[in-house]
Amino acid sequence: MTSKPRVFSGVQPSGKLHIGNYIGALSVWAKEQDTFDGLFCVVDLHALTVPEAINPSVLNQKIWETVAIYLASGLDPKKSSIFVQSTVHEHAELAWILTCVTPLGWLERMTQFKTKASARETVGSGLLCYPALMAADILLYDTKLVPVGEDQRQHIELTRDVAIRFNNMFGPVFSLPEAMIRKVGARIMGLDDPNAKMSKSIGEIKVGHSIGVIDPPNVIAKAIKSAVTDSGSTIDTDNAAGGVRTLLTIYQAVSNASDDEMHARFNGKGYGFLKSQVIEAVCEGLRPVREETQRLMADKTYLKSVIDQGSEIASGIAEEKMALVRNALGIDFIKKLSK
Ligand code: AQP
């Protein structure tokens with residue numbers, strides 16, 4: 001038993017993993033891993049919620065690449081468990097059970113569902129039920145903290161509500177998790193649209209929307225040079241909004257500059273200067289991640305050993321929790337009959 005708080009988080013292996021995912025999630029995991037009992041998962045079952053977007057060989061490649069990016073971002077498999085969601089079957093089993101205890105209205109209220117559903121002609125039920133799978137991911141492990149970007153806050157609140165509802169109906173099985181959200185950079189907006197969150201799926205199809213974590217420097221520079229600003233020309237660090245605020249936020253998150261340092265460096269300077277500084281900081285900050293990801297992608301045997309080790313640890317915890325869940329629901333026949 002460890003006294004460190006249990007932490008669970010994940011990234012979907014969908015689209016192009018971007019600097020928002022890195023700043024909002026991955027960099028926090030790596031920085032804080034010594035203080036966590038951490039489980040970090042590549043949530044491949046979540047990537048199935050938009051089946052029209054699935055290309056099996058691309059998805060398979062993205063799963064490997066996401067594991068490599070986790071490691072390249074600084075996660076250490078000796079300190080944290082890194083695994084792939086579909087290798088631990090309890091995620092899918094608990095997701096179905098939690099779907100059954102979650103009122104439809106709770107799912108329909110989710111902002112992410114409403115945004116994604118409104119952009120599509122047909123919407124699969126998986127997109128609606130996604131938060132129940134996310135609740136299963138978290139609740140399986142008695143997770144205390146969930147380090148995520150701001151966009152996931154509502155899903156963590158739903159997870160707590162689902163856990164409370166289950167506990168009230170069937171007995172105290174689940175502990176209540178809390179979101180862990182950084183102050184600067186928890187919601188990075190698209191470079192092409194300061195009103196839309198930077199997104200993996202949009203980044204995959206739209207040049208200039210995102211900065212990919214493993215994009216080469218020339219691609220990063222081109223995206224930042226073309227980033228939307230506004231009709232002004234000089235920076236007011238305290239009141240900057242829109243695209244200028246996005247660039248300042250990315251610089252501050254990547255460089256760890258304080259508010260005073262940001263003021264001294266940028267106040268009254270031109271947008272061209274800001275862009276050149278962001279290009280330099282981002283290219284330099286992401287260079288080790290890109291290079292290490294490339295190196296790790298050539299060593300699948302090592303990546304597989306990391307995933308196997310993480311899956312074994314995660315499965316051990318998940319099996320124990322599922323035994324309690326089945327017992328609470330009265331569906332533990334298989335075990336009883338085989339005794
Ligand atoms: N723009 C963002 N700024 C800060 N954090 C972000 N995260 C996502 N976008 C931003 C955080 O990254 C983690 C992994 O995200 P995800 O893969 O679970 O799902 P997502 O939120 O759906 O990511 P995308 O990029 O928007 O993907 P698509 O386009 O496929 O929907 C989470 O902690 C998330 O908060």
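Just follow the structure's listing: the first ligand is 1, and inside any ligand the first atom is 1. Keep in mind it's a predicted model, so treat the numbers as computed, not measured.
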Does Met198 reach ligand 1 with a nitrogen or oxygen that is under 3.5 Å from one of the ligand's nitrogen or oxygen atoms? yes
Please write down residue, atom name and distance for the protein heavy atom closest to atom 28 (P) of ligand 1. Ser201 OG, 3.5 Å
Are the aromatic ring centres of Phe40 and Phe83 under 6.0 angstrom apart? no
Decide, yes or no, whether a salt bridge links Lys16 with Asp215 under the criterion of side-chain N to carboxylate O below 4.0 Å. yes
Without hydrogens or angle criteria, can the side chains of Asn21 and His18 be said to hold a donor-acceptor pair below 3.5 Å? yes
Distance to 0.1 Å, residue and atom name: give those for the protein heavy atom nearest to atom 26 (O) of ligand 1. Lys197 NZ, 2.5 Å
Shortest protein contact, atom 10 (C) of ligand 1 (heavy atom only): His18 CE1, 3.8 Å
Could you tell me whether Glu150 and ligand 1 have an N or O pair separated by under 3.5 Å? no
Just checking, is any N or O donor in the side chain of Gln85 or Asp137 under 3.5 Å from an acceptor N or O on the other one? yes
Would Gly149 count as being in polar contact with ligand 1, using the rule that some N or O on each side must be under 3.5 angstrom apart? yes
Which residue and atom name correspond to the protein heavy atom nearest atom 19 (O) of ligand 1, and how close is it? Gln12 NE2, 3.2 Å
Which protein heavy atom lies closest to atom 17 (O) of ligand 1, and at what distance to 0.1 Å? Lys200 NZ, 2.6 Å
Does the side chain of Asn55 pick up a donor-acceptor pair with the side chain of Ser57 at under 3.5 Å? yes
For atom 13 (C) of ligand 1, find the nearest protein heavy atom and state the residue, atom name and distance (0.1 Å precision). Ala25 CB, 3.8 Å
Run the ring-ring contact (aromatic ring centres under 6.0 Å, His included) check on Phe166 and Phe174 step by step: do they pass? CA-CA 8 Å; Phe166 184 100; Phe174 297 121; 4.9 Å; yes
When you measure from atom 6 (C) of ligand 1 to each heavy atom in Gly15, Gly20, Gly10, which option holds the nearest one? Gly20
Is Lys269 close enough and on-axis enough to Phe273, meaning under 6.0 Å and within 45°, for cation-pi? yes
Lys116 heavy atoms, cut-off 4.0 Å: which ligand 1 atoms fall inside? 22 (O), 28 (P), 31 (O)
Tell me if the aromatic rings of Tyr141 and His91 count as close, with their centers under 6.0 Å from one another. yes
Atom 8 (C) of ligand 1: nearest protein contact (heavy atom, Å): Asn21 ND2, 3.1 Å
Would you say the ring centers of Phe36 and Trp29 fall short of 6.0 Å from each other? no
Would you mind running through ligand 1 and noting each atom that sits below 4.0 Å from a heavy atom of Ser14? 30 (O)
Backbone or side chain, does any N or O of Asp151 fall under 3.5 Å from an N or O of ligand 1? yes
Closest protein heavy atom to atom 1 (N) of ligand 1, given as residue, atom name and distance to 0.1 Å: Ile188 O, 2.8 Å
